[in-house]
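All ligand and atom numbering here is 1-based and tracks the order in the structure.
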Amino acid sequence: MPKQTIADIDPNGKTILVRVDFNVPQSDTGAITDDRRIRMALPTIQSILSRGGKAIVMSHLGRPAGTGFEAAYSLAPVAKRLGELLAQPVQLASDTGGADAHSKAQSLPAGGVLVLENVRFNPGEKKGDKADYVAGLASLADAYANDAFGTCHRTEASMHAVPVAMKAQGKPVVVGFLVEKEIRYLSEAIAAPRRPFVAILGGKKVSDKIAVIDHLLGLCDHVLIGGAMAYTFSLAQGGSTGTSLVEKDKLDLARQLLAKGGKKLKLPVDSHCAADFSATAPRQIVKAGQIPAGFEGLDIGPETAEIYRDIIRSAGTVVWNGPMGVFEMPPFDAGTKTVAEAVAFATTQGAITIIGGGDSAAAVEQLGFAELVSHVSTGGGASLEMLEGKSFASVDVLDEK
Ligand code: AMP
């Protein structure tokens, strides 16, 4: 069932507690180096403010010890940046749901924004006694919105116990626009896909993606494998993989996936390999399973790229997680680039195209295709778990339509 969203509640004269993921990267001096996570939450916050509501925003940042305030993990720079983006003053409470948060919440004007200090300063956020901490947060507001997609696979108190408590008090608990969009693409589009449904899976390790491959094999028409993980499959088939990255302890598992996948599971037919992990080392293109000793596979070969391109171009739905090669180091970005172009083309033909978070998102951003696909996920671990078909307790607890 779809979840109620922030658009389904009337925030006029109300205070909404919004859990966001403002875990932004920072320089050594604390400057925010990428504010995308803050910008992604703006539609939800602005929707509350423009309809006469007040927003209390909470997030984690980094990994403090959980024993109180640590300046290095303060949300002060984030609150400042949020104020700049919203072009209005944003207050910062010195605690999370304590005395200062309550006093500032009480004097917050309509259309006002209050940022709470890092939720992970509190022992109750991750473990320890939660009761007072949760009660302090739950009593701050009239409704709760979860717009923290990158954290949705976690059950820390601000993600789960707080909405549980607020729901028990009869308060609406809903998703924000970002989480709504992620669920629409990573879960709903996949459950009822337009066919052919093509999954593209790459990256470093098979072990990270076993559950995704397994789940998508049950749903897709084609599963295209690339990246270093292809070499573990190749080795499992008796191929020579030279010095390529392989997981020798995952060969049985690779064989099981090959048996389950049958013709659906497509492996590279050639490989672009090099004598070293470098762009200047001697390079050659070889047939899959024939990588010479001393050579390392760093990208799918051109014949594979062409086969994958043709399958992707005629897809109705595409899900992509993990690059086809070392895209950070040309010329080994070629396979990933061809695949990205094909995904962009499929989008122009009406396909729903979804890029998982983490390195796949970085690859399409770097190659300039982010605007040319239906959805680029903002969550790494959360996106992967959703593609594994897992449900999230932090989302399950929220009100249904
Ligand atoms: P993952 O986080 O598992 O999606 O892996 C992404 C990383 O895998 C990227 O940094 C790529 O450079 C790397 N990668 C992809 N293909 C290969 C390969 N053939 N050999 C080594 N690293 C690779």
Next on the checklist: Under 4.0 Å, counting heavy atoms only: does Gly325 come that close to any atom of ligand 1?
Outcome noted: yes
Next on the checklist: Just to verify, which of Glu70, Glu156, Glu125 counts as forming a salt bridge (Lys or Arg N to Asp or Glu O under 4.0 Å) with Arg120?
Outcome noted: Glu156
Checklist entry - Below 4.5 Å, heavy atoms only, C-beta onward: do Pro193 and Leu219 meet side chain to side chain? => result no
Checklist outcome for this item: For Ala55 and Leu108, the nearest pair of non-hydrogen atoms, with its separation, is O-CD2, 4.0 Å
Next on the checklist: For Tyr231, state whether at least one heavy atom is located under 4.0 Å from any atom of ligand 1.
Outcome noted: yes
Checklist outcome for this item: With heavy atoms and a 4.0 Å threshold, my read on which part of Glu328 contacts ligand 1 is side chain
Checklist entry - For ligand 1, does Asp359 get within less than 4.0 Å through its side chain, its backbone, both, or neither, judged by non-hydrogen atoms? => result side chain
Checklist entry - Tell me, which protein residue and heavy-atom name are nearest atom 13 (C) of ligand 1, and how many Å apart are they? => result Lys204 CG, 4.1 Å
Item to check | Protein contact to atom 23 (C) of ligand 1 [nearest heavy atom, distance to 0.1 Å] | outcome: Val326 CG2, 3.6 Å
Next on the checklist: Show me which atoms of ligand 1 lie under 4.0 Å from any heavy atom of Leu298.
Outcome noted: 19 (N), 20 (N)
Next on the checklist: Give the atom numbers and elements of ligand 1 that come within less than 4.0 Å of a heavy atom of Ala228.
Outcome noted: 16 (N), 17 (C), 18 (C), 19 (N), 20 (N)
Checklist entry - If you measure from the Lys or Arg side-chain nitrogens to the Asp or Glu carboxylate oxygens, is any gap between Lys3 and Asp399 under 4.0 Å? => result no
Checklist outcome for this item: Between Met166 and Leu17, the two heavy atoms sitting closest are SD-CD2, 4.1 Å
Checklist entry - Within 45° of the ring axis of Phe345 and under 6.0 Å from its six-membered ring centre, is that where the NZ or CZ of Arg313 lies? => result yes
Checklist outcome for this item: Hits for salt bridge (Lys or Arg N to Asp or Glu O under 4.0 Å) against Glu303, two or more places apart or cross-chain, chain-then-number order -> Lys287
Next on the checklist: Check this for me - ligand 1, Gly297, N or O atoms closer than 3.5 angstrom, yes or no?
Outcome noted: yes
Item to check | For atom 4 (O) of ligand 1, closest protein heavy-atom neighbour | outcome: Lys209 NZ, 3.0 Å
